[in-house]
Number of protein chains: 2
Amino acid sequence: MLRAAILKRTRVREIVLEFLVRNHGPFGTEELFAKLKSKKLDLVTLYRTLASFDKAGVVRRCDFGDGIARYEFQLSRSHRHHVICKVCRKARNFDQCFSDKLEQAIAKMGYSEISHTLEFFGVCKSCRKV
Amino acid sequence: MLRAAILKRTRVREIVLEFLVRNHGPFGTEELFAKLKSKKLDLVTLYRTLASFDKAGVVRRCDFGDGIARYEFQLSRSHRHHVICKVCRKARNFDQCFSDKLEQAIAKMGYSEISHTLEFFGVCKSCRKV
DNA sequence: CTTGTTGCAAATCGTTTGCAGGACA
DNA sequence: TGTCCTGCAAACGATTTGCAACAAG
């Protein structure tokens with residue numbers, strides 16, 4: 001477990017980190033809470049744990065525009081984008097990205113510390129059948 | 001006023017639509033509410049008005065990942081992306097986009113009705129000086 | 001007139017904060 | 001020991017819902 005970063009090694013963090021390492025795909029906080037309910041975590045602690053992981057760069061926060069913050073384990077420093085079904089909200093990874101030139105253009109506009117989000121939405125096969 | 005779409009022509013809608021047509025840049029609902037307070041609108045009605053405009057395709061909803069839904073007038077059916085300052089949250093338009101090939105790749109994954117969001121974040125010049 | 005729209009109050013939902021007790025370094 | 005972490009209760013902010021009065025087609 002890599003937490004020699006900035007964070008203390010605690011029971012809650014071990015549980016959450018282990019789950020996120022083993023299971024990919026971004027999870028909302030309540031969703032995670034449900035999946036880990038056998039571990040008897042506190043919801044508020046989970047919110048705080050994920051926020052601290054995010055700040056430490058251990059996880060990446062994803063925003064799919066539905067008012068829910070989702071988190072996924074941050075493997076490398078690279079970007080990660082998703083394809084989200086508009087119906088079932090299931091997300092699949094989609095790592096293709098082409099933003100280097102665009103970020104350069106934005107740097108010329110006077111911005112620093114540039115980052116971006118790129119998310120695709122659609123209706124997945126199984127939802128289309130309904 | 002183009003509302004021969006699906007929506008009834010009412011006082012509130014005229015006020016909101018006129019404002020959005022004249023003023024660009026996405027506005028949050030509370031923000032709009034403040035700017036139109038002289039017109040004595042109801043906040044809830046404003047939420048509903050924007051939601052109906054969004055559904056009718058009159059406005060576009062933007063999500064900058066800070067838990068606030070913003071809306072901007074939808075000029076054409078084309079995309080519109082933004083550069084958002086991480087400090088002051090001010091958004092500038094950024095229309096460059098070339099995601100056609102990526103959307104094609106996603107179509108091959110079995111998705112239909114594909115759309116995407118692409119937002120850039122950075123620290124703008126004036127916020128950097130602070 | 002019939003359906004969609006408004007305004008007000010109250011509810012909801014995801015998330016945050018305060019605080020006291022407890023655990024880690 | 002001192003700081004960070006946890007859990008519980010309560011607060012919060014953005015948004016939604018219920019409902020009765022109202023206006024548009």
Side-chain angles (χ1 to χ4, degrees), chain A residues 1-20 26-72 84 89 91, chain B residues 1-20 26-72 84 89 91:
Chain A
M1 296 301 158
L2 64 164
R3 202 175 327 97
I6 341 170
L7 302 161
K8 285 188 181 175
R9 178 182 195 118
T10 67
R11 191 187 83 95
V12 175
R13 288 180 177 163
E14 279 185 358
I15 292 169
V16 177
L17 184 56
E18 177 167 347
F19 183 90
L20 290 174
F27 301 103
T29 312
E30 303 256 13
E31 187 184 357
L32 251 174
F33 182 63
K35 286 181 190 295
L36 296 174
K37 62 176 175 295
S38 62
K39 304 294 174 54
K40 294 207 196 101
L41 309 180
D42 182 70
L43 218 205
V44 176
T45 303
L46 187 51
Y47 271 103
R48 286 197 262 231
T49 302
L50 292 169
S52 65
F53 280 5
D54 184 32
K55 191 154 66 176
V58 175
V59 300
R60 167 184 295 278
R61 181 179 176 154
C62 313
D63 205 299
F64 294 169
D66 62 352
I68 295 176
R70 283 163 232 265
Y71 299 87
E72 70 176 357
I84 302 111
R89 289 278 145 192
Chain B
M1 293 301 157
L2 65 164
R3 199 177 327 98
I6 341 169
L7 303 160
K8 286 187 180 175
R9 179 182 194 118
T10 67
R11 190 188 83 94
V12 175
R13 287 181 177 161
E14 280 186 357
I15 292 169
V16 177
L17 184 55
E18 177 167 347
F19 183 89
L20 290 174
F27 301 103
T29 311
E30 301 257 13
E31 188 184 356
L32 251 174
F33 181 64
K35 287 181 191 294
L36 296 173
K37 63 174 174 296
S38 62
K39 304 294 174 53
K40 292 207 196 102
L41 309 180
D42 183 68
L43 218 204
V44 176
T45 304
L46 187 51
Y47 272 104
R48 286 196 263 230
T49 301
L50 292 169
S52 65
F53 280 5
D54 184 32
K55 191 154 65 177
V58 176
V59 301
R60 166 184 293 281
R61 181 180 175 154
C62 312
D63 207 298
F64 295 169
D66 62 352
I68 294 177
R70 283 164 232 263
Y71 299 88
E72 70 176 358
I84 301 111
R89 288 278 146 192

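Predicted model only: the values in this text are computed from it and were never measured. When reading the values below, keep in mind they use all heavy atoms of this one structure, side chains included, and skip hydrogens, waters and symmetry mates. First the proteins, then the strands, lettered A, B, ... as listed; each starts at 1.
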Sequence-distant partners of A:Lys55, side-chain contact (heavy atoms from CB on, under 4.5 Å), two or more places apart: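 With neighbours one apart ignored, the set is empty.
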Partner residues of A:Phe33 under the ring-ring contact (aromatic ring centres under 6.0 Å, His included) criterion, sequence neighbours left out: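 Per chain and number, A:Phe33 pairs via ring-ring contact (aromatic ring centres under 6.0 Å, His included) with no residue.
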Any residue meeting ring-ring contact (aromatic ring centres under 6.0 Å, His included) with B:Tyr71, in chain and number order, not counting sequence neighbours: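 Partners of B:Tyr71 by the ring-ring contact (aromatic ring centres under 6.0 Å, His included) criterion come out as none, since no residue qualifies.
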Rounded distance (nearest 0.5 Å) linking atom NZ of B:Lys35 with atom CZ of B:Phe27: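 Output value for this atom pair is 5.5 Å.
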Atom-pair distance (CG on B:Leu46; C1' on D:dT17), nearest Å: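 It is 17 Å, rounded to the nearest whole Å.
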Whole-Å distance separating the NZ atom of A:Lys39 from the P atom of D:dT6: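 The distance from NZ of A:Lys39 to P of D:dT6 comes to 15 Å, rounded to the nearest Å.
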Show each protein N/O and nucleotides 8-14 of chain D N/O combination with a separation under 3.5 Å, one pair to a line.
residue, atom, partner, partner atom, Å
D:dC8, N4, A:Arg48, NH2, 3.2
D:dA14, O3', B:Gly67, O, 3.4

Contact boundaries on DNA chain C for chain B, cut-off under 4.0 Å to non-hydrogen atoms: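 So the outermost contacting nucleotides come out as C:dT3 to C:dA9.
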Name each donor-acceptor pair under 3.5 Å that joins a side chain in residues 39-52 of chain A to protein atoms two or more places apart or in another chain, with its distance.
residue, atom, partner, partner atom, Å
A:Asp42, OD2, A:Val44, N, 3.1
A:Asp42, OD2, A:Thr45, N, 3.3
A:Thr49, OG1, A:Thr45, O, 2.6
A:Ser52, OG, A:Arg48, O, 3.3
A:Ser52, OG, A:Thr49, O, 2.7

Angle by which the axis turns from one end of the helix from C:dC1-D:dG25 to C:dA25-D:dT1 to the other, five pairs per end, to 10 degrees: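 Taking five pairs per end, the axes differ by 40°.
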Contact list for residues 61-71 of chain B, test salt bridge (charged side-chain N to carboxylate O under 4.0 Å, His left out), sequence neighbours left out: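 Non-adjacent pairs meeting salt bridge (charged side-chain N to carboxylate O under 4.0 Å, His left out): B:Asp66-B:Arg70.
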Shortest non-hydrogen contact between B:Arg13 and B:Leu7, atoms and distance: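 Heavy-atom minimum between the residues: NH1-CB, 3.6 Å.
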Taking every non-hydrogen atom, the tightest pair across B:Ile68 and B:Gly28: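 That would be CG2-CA, 4.1 Å.
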Can you give me the N/O atom pairs linking the protein to nucleotides 21-25 of chain D at distances under 3.5 Å, or say none if there are none?
residue, atom, partner, partner atom, Å
D:dA24, N3, B:Lys8, NZ, 3.3

